[in-house]
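Not measured: the values here are computed from a predicted model.
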Amino acid sequence: MIVLRLLILLATCVAAHGTSSTCGRICGLRPVPYSTSRIVGGIQVPPGTGAWAGIVSIQNYWTPQWSMHVCGGTLIRPQWVLTAGHCVANRTNPLSEWAVVAGTTFFTDKGPGAQMRRIKQVRIHKHYNVTVYDIAVLELEKPITCTPSIQLACLARSTVSVSAQNCYVAGWGDTWVKAQVPAEARLKEAKVLLIDTQLCNSTEWNMGRLAPDSVCAGYPEGGTNTCQGDSGGPLVCKDSKADIYWQVGLTSWAFGCARPKKPTVFMSTQYYYNWILEQVSQSTAVPVTPTPAKPCPFPREKLQQFFKLLQELLKFLKAKTA
């Protein structure tokens, strides 16, 4: 009984730390631990798992029952979303008719955990030109509250090294956009490979169209990758030395969908790391203070309880062996 009480005491403290809603606490977890399938007609991300906690759907949003997915994005601050420039360039009324939805895998039936925010302002890179400088950040009218299923994306500095064999993409695009089938409106994900930039930019592949701000991911033989509607969504890769997954790209463009030798081209978030921080730091918004779970009172209160129980256990064992 004493041992059980000790275990419960320790478990409650671990749980208090592990379920904290403070933004960034879940940053870097593997998005989905079992999938190797395609976004193009592929596997859906199961709801309620916290997988892809940083991803958001950017929508034409009129009512909760009447909205249309436009692009993907990632939550990089409670009040800021990262996406592709072409998602918001030359668009009509992104501030009055658009919204960002987080915490859902099925955007036509958002569920109780979803949060919707209107867009306060759009900042596109000043040199944006379709396939180059294709990056933008959106400031939301008010911060999104982080939960176990809504967390911030991990943006990697240029010095971070990642595994080319362990990367993932996600989005709501492809089959829903083509067939307009509500059942296909669920978030999908795929495992992909980083492809050497020089090879990806060769004449037989992308004919020299890649700029220095780009990275490629997919498969040489095609068949697995992003498609229409996945623009702005994340490319994440595992750290080469640690069990952390970084966002290293955002979906920008490709020739068709998952064609051989035509992998998706992503804007490198490592290349734009400083630009992203500059845009966010210019905000005049009051920083949000998420409400964390009740902190574990180590090392004093709980530690005293622990040693008291441990003393009782030792006395019991000593008496039993006497």
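- The shortest side-chain heavy-atom distance between Gln165 and Leu193 falls under the 4.5 Å cut-off.
- Between Leu155 and Val248 the shortest side-chain heavy-atom distance does not fall below 4.5 Å.
- Side-chain contact between His69 and Ser57: present, with at least one pair of heavy atoms (C-beta onward) separated by less than 4.5 Å.
- Side-chain atoms of Arg117 do not come within 3.5 Å of backbone N or O of Val101 as any donor-acceptor pair.
- Across every non-hydrogen atom of Tyr61 and Ser67, the tightest pair is CD1-CB, 3.8 Å.
- Contact of the Ser161 side chain with the Lys241 side chain is not registered, since no non-hydrogen atoms from C-beta on lie closer than 4.5 Å.
- A heavy-atom distance below 4.5 Å is not found between the side chains of Thr251 and Leu235.
- Taking CG of Leu250 as the start and OG1 of Thr264 as the end, the distance is 12.0 Å to the nearest 0.5 Å.
- Put simply, the side chain of Ile144 does not reach to within 4.5 Å of the side chain of Gln79, judged on heavy atoms.
- For the atom pair Leu152 CG and Cys146 SG, the distance stands at 4.5 Å (nearest 0.5 Å).
- For the atom pair Thr224 OG1 and Glu221 CD, the distance stands at 7.5 Å (nearest 0.5 Å).
- Going from atom CZ of Arg77 over to atom CD1 of Ile276 covers 9.5 Å, rounded to the nearest 0.5 Å.
- Nearest heavy-atom pair across Ala136 and Trp275 is CA-CH2, 4.1 Å.
- Annotation for Gly72 and Ile58: closest pair O-CD1, 3.5 Å, computed over non-hydrogen atoms.
- Expressed to the nearest 0.5 Å, how far CH2 of Trp80 lies from CZ of Arg123 amounts to 4.0 Å.
- Considering all non-hydrogen atoms of both residues, Ile150 and Gly113 come closest at CD1-O, 3.8 Å.
- In terms of modelled atom types and a separation under 3.5 Å, the side chain of Asp134 and the main chain of Tyr128 share no donor-acceptor contact.
- Sorted by first and then second residue, the pairs that involve residues 200-216 and meet side-chain hydrogen bond (donor to acceptor under 3.5 Å, both in side chains), not counting sequence neighbours, are Glu204-Lys261, Asp213-Tyr272.
- Taken from SG in Cys216 to CG in Asn225, the straight-line distance is 9.5 Å, to the nearest 0.5 Å.
- Of the possible polar contacts, none joining the Gln59 side chain to the Met68 backbone as a donor-acceptor pair under 3.5 Å is found.
- The shortest distance between side-chain heavy atoms of Trp246 and Asp239 falls below 4.5 Å.
- Leu75 and Pro78 make their closest contact through CD1-O, 4.0 Å (heavy atoms, listed as atom of the first residue, atom of the second, distance).
- For the residue pair Asp230/Trp172, the side-chain donor-acceptor check at 3.5 Å is not satisfied.
- Contact record, Phe266 with Ala217: CE1-CB, 3.5 Å, taken as the closest heavy-atom pair.
- Inter-residue side-chain proximity for Met207 and Phe255 is flagged as met; some heavy-atom pair is nearer than 4.5 Å.
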